[in-house]
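Below: the structure, in structure tokens.
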Amino acid sequence: MHRVVALVRAPQSTFELGCAAQVFGVERQGLPTRYAFEVCTEEPGRVGTYAGFDMLVRQGLDALGRADTVIVPGWLPTEVPPSPAVVQALRDAHSCGARVVSICSGAFALAHAGLLDGREATTHWAQAEEFAACFPRVRLNPDVLYVDHGDVATSAGAGAGFDLCLHLVRKDQGARYAAQVARRMVMPPHREGGQLQYAAPPHPAQIDGTLAPLLEWVAGRLGDPVTLEDMAAHAGLSPRTLARRFADQLGTSPGQWLLTQRIAAAQDLLESTDLPLDAIARRTGLSSATNLRRRFATALGTTPGAYRRAFRAGVNA
């Protein structure tokens, strides 16, 4: 059981805490429980929230020493730094091998602890200027949804916390398990960390121009050699206009979105079937086992065979 501990302080942002609790702290019927979730604070007792109610938190900072993953779900007000005890507890947890994660303004706490020095990180776009001024040693990327270094990860504001948490579940438990969690949450199963934090406001003529029908059409044809021109023709748009729609609505390009879908489909087949790599590559439009291996190495940092060994046996465990 992977132990996840959220570190909170008053006044706590309830949405950011809810992101972590919903992904890691809920038992779901028909789905094996893989995480144990706890909440801790520097001084156990009542912790006020921005929503106007108090939480009773029984665990102190010593809980971080038992965590496999530590999550800081927001850190407000940002101008009030964490105490020396909190800074040391975060450093100790990290040095003992815990993965340390922030959601939204939680990046301020990680930066105060020195865990982001010399590294790329993100936070809510509205706090980016303040963050950059306070922590010049951190390479802030204010545009992306999340940044994951393996031992440390940061997410953008609010809803991007769900994206990062589901991304971590995918890494820990595989794409199929993460997709099942996302489905029960009525959430998209995966958004790449490099997608934009927020899309440009739609032009009036585009308000009804949702890409949903096109995405559904493409998802049913991943084994076919679908091109940008094919997608544009099906949508009744020029390739250039389609690219703008993708940027506006999804924060990515048509080609990158399609590649992400193909890789996700390959992950699912690796977890759920014994198909050889060439067959999986053909079914997902990746053409060959060689290309499948190359795409896995670039996107996931592993091989299809290693991925299958890591996640196939535990799908229904």
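Two residues are said to be in side-chain contact when any heavy atoms from C-beta on lie closer than 4.5 Å; L250 and L215 meet this criterion. Using a 4.5 Å heavy-atom cutoff, the side chains of L258 and L222 are in contact. Between L242 and H234 there is no side-chain heavy-atom pair separated by less than 4.5 Å. Using a 4.5 Å cut-off on side-chain heavy atoms (C-beta onward), H112 and F135 make contact. Inter-residue side-chain proximity for T284 and I263 is flagged as unmet; no heavy-atom pair is nearer than 4.5 Å. Considering only heavy atoms from C-beta on, F37 comes within 4.5 Å of V4 through its side chain. Side chains of V101 and L110 form no contact here, defined as non-hydrogen atoms less than 4.5 Å apart. Using a 4.5 Å cut-off on side-chain heavy atoms (C-beta onward), Q261 and V218 make no contact.
The neighbour count for R46 CZ, taken as heavy atoms of other residues, nucleotides or ligands under 6.0 Å away, does not exceed 12. Annotation: E120, atom CD; neighbour count of heavy atoms from other residues, nucleotides and ligands within 6.0 Å is above 12. Annotation: E229, atom CD; neighbour count of heavy atoms from other residues, nucleotides and ligands within 6.0 Å is above 12.
Between the CE atom in M55 and the OG1 atom in T49 there is a gap of 6.5 Å [rounded to 0.5 Å]. Remark: L164 CG to C104 SG distance equals 12.0 Å, nearest 0.5 Å. Here CG of L292 is found 13.5 Å from CZ of R283. Values are rounded to the nearest 0.5 Å. Taking CD1 of I103 as the reference point, atom CG of D163 lies at 10.5 Å (rounded to 0.5 Å). Distance check: R308 CZ to S272 OG gives 8.5 Å after rounding to the nearest 0.5 Å. Taking CG of L116 as the start and OG1 of T123 as the end, the distance is 10.0 Å to the nearest 0.5 Å.
Although no hydrogens or angles enter the test, the distance criterion places a donor-acceptor pair under 3.5 Å between the side chain of R91 and the main chain of A113. Judged purely by atom type and a 3.5 angstrom limit, Y35 has no side-chain atom pairing as donor or acceptor with the backbone of V23. Within the 3.5 Å criterion, the main-chain N or O of A153 finds no donor-acceptor partner in the side chain of D148. Looking at R293, its side chain never comes within 3.5 Å of a backbone N or O of T303 through a donor-acceptor pair. At least one donor-acceptor pair under 3.5 Å links the side chain of T154 to the backbone N or O of T122. In this structure, the side chain of D268 does not engage the main chain of R176 through any donor-acceptor pair within 3.5 Å. A donor-acceptor pair under 3.5 Å is absent between the side-chain atoms of Q173 and the main chain of R170, judged by distance alone. Looking at E38, its side chain never comes within 3.5 Å of a backbone N or O of Q59 through a donor-acceptor pair.
In terms of hydrophobic clustering, with Ile, Leu, Val, Met, Phe, Trp and Tyr side chains grouped at heavy-atom distances under 4.5 Å, F108 and W125 are assigned to different clusters. Both Y146 and F162 are assigned to one and the same hydrophobic cluster, defined by single-linkage of ILVMFWY side chains at heavy-atom distances under 4.5 Å. A continuous path of ILVMFWY side-chain contacts below 4.5 Å connects L115 to L7, so both sit in one hydrophobic cluster. Cluster annotation: V39 is not connected to L64 through the hydrophobic network of ILVMFWY side chains, with a link wherever side-chain heavy atoms come within less than 4.5 Å. The cluster map of Ile, Leu, Val, Met, Phe, Trp and Tyr, joined by side-chain heavy atoms under 4.5 Å apart, puts L17 and L61 in different clusters.
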side-chain contact (heavy atoms from CB on, under 4.5 Å) evaluation trace for F246 with L228:
CA-CA 11 Å; F246 264 80; L228 172 61; over 6 Å; no
Given the rule in the salt bridge (Lys or Arg N to Asp or Glu O under 4.0 Å) test, do D230 and R221 qualify, once you have shown the distances and angles that lead to the verdict?
CA-CA 11 Å; D230 295 331; R221 292 164 173 79; over 6 Å; no
For R183 and L31, run side-chain contact (heavy atoms from CB on, under 4.5 Å): C-alpha distance rounded to whole Å, both residues' side-chain angles, the deciding distance at 0.1 Å, then the answer.
CA-CA 11 Å; R183 183 177 182 183; L31 195 62; over 6 Å; no
Using the rule given for side-chain contact (heavy atoms from CB on, under 4.5 Å), can you reason through H94 versus V70, listing the C-alpha separation, both sets of side-chain angles and the distance that settles it, and then say yes or no?
CA-CA 9 Å; H94 180 257; V70 172; over 6 Å; no
Residues Y307, E271; criterion side-chain contact (heavy atoms from CB on, under 4.5 Å); working and verdict
CA-CA 8 Å; Y307 184 90; E271 293 178 32; 2.4 Å; yes
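With sequence neighbours excluded, the residues forming a salt bridge (charged side-chain N to carboxylate O under 4.0 Å, His left out) with D62 are R66, listed by chain and number. For the salt bridge (charged side-chain N to carboxylate O under 4.0 Å, His left out) test, residues two or more places apart in sequence or in another chain that qualify with R137 are D117. Under the rule for a salt bridge (charged side-chain N to carboxylate O under 4.0 Å, His left out), R58 has no partner lying at least two apart in sequence or in another chain. With sequence neighbours excluded, the residues that form a salt bridge (charged side-chain N to carboxylate O under 4.0 Å, His left out) with R99 are D172.
No side-chain donor from either of R295 and T298 sits under 3.5 Å from a side-chain acceptor of the other. Donor-acceptor pairing under 3.5 Å is lacking for the side chains of R28 and Q180.
Taking every heavy atom of both residues into account, A281 and A289 meet most closely at CB-N, 3.9 Å. In plain terms, the two heavy atoms of P32 and Y177 that are nearest each other are O-OH, 2.6 Å. Residues L214 and A235 share a closest heavy-atom pair of CD2-CB, 4.2 Å. Between L140 and P142 the shortest heavy-atom distance is O-CD, 3.6 Å. For the pair C40 and G60, the tightest heavy-atom approach, listed with the atom from each and the gap, is CB-O, 3.3 Å. Of all non-hydrogen atoms in Q267 and A175, the two that sit nearest each other are CB-CB, 3.7 Å.
Pairs passing the salt bridge (Lys or Arg N to Asp or Glu O under 4.0 Å) check and including a residue from residues 273-282, sequence neighbours excluded, read D274-R312.
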Output side-chain donor-acceptor pairs under 3.5 Å for residues 71-88, partner residues at least two apart or in another chain, one line each.
unit_1 : atom_1 : unit_2 : atom_2 : d
W75    : NE1    : V80    : O      : 3.3
T78    : OG1    : E130   : OE1    : 3.1
T78    : OG1    : E130   : OE2    : 2.7
S83    : OG     : E42    : OE1    : 3.1
S83    : OG     : E42    : OE2    : 2.7
S83    : OG     : A85    : N      : 3.4
S83    : OG     : V86    : N      : 3.2
Q88    : NE2    : D92    : OD1    : 2.8

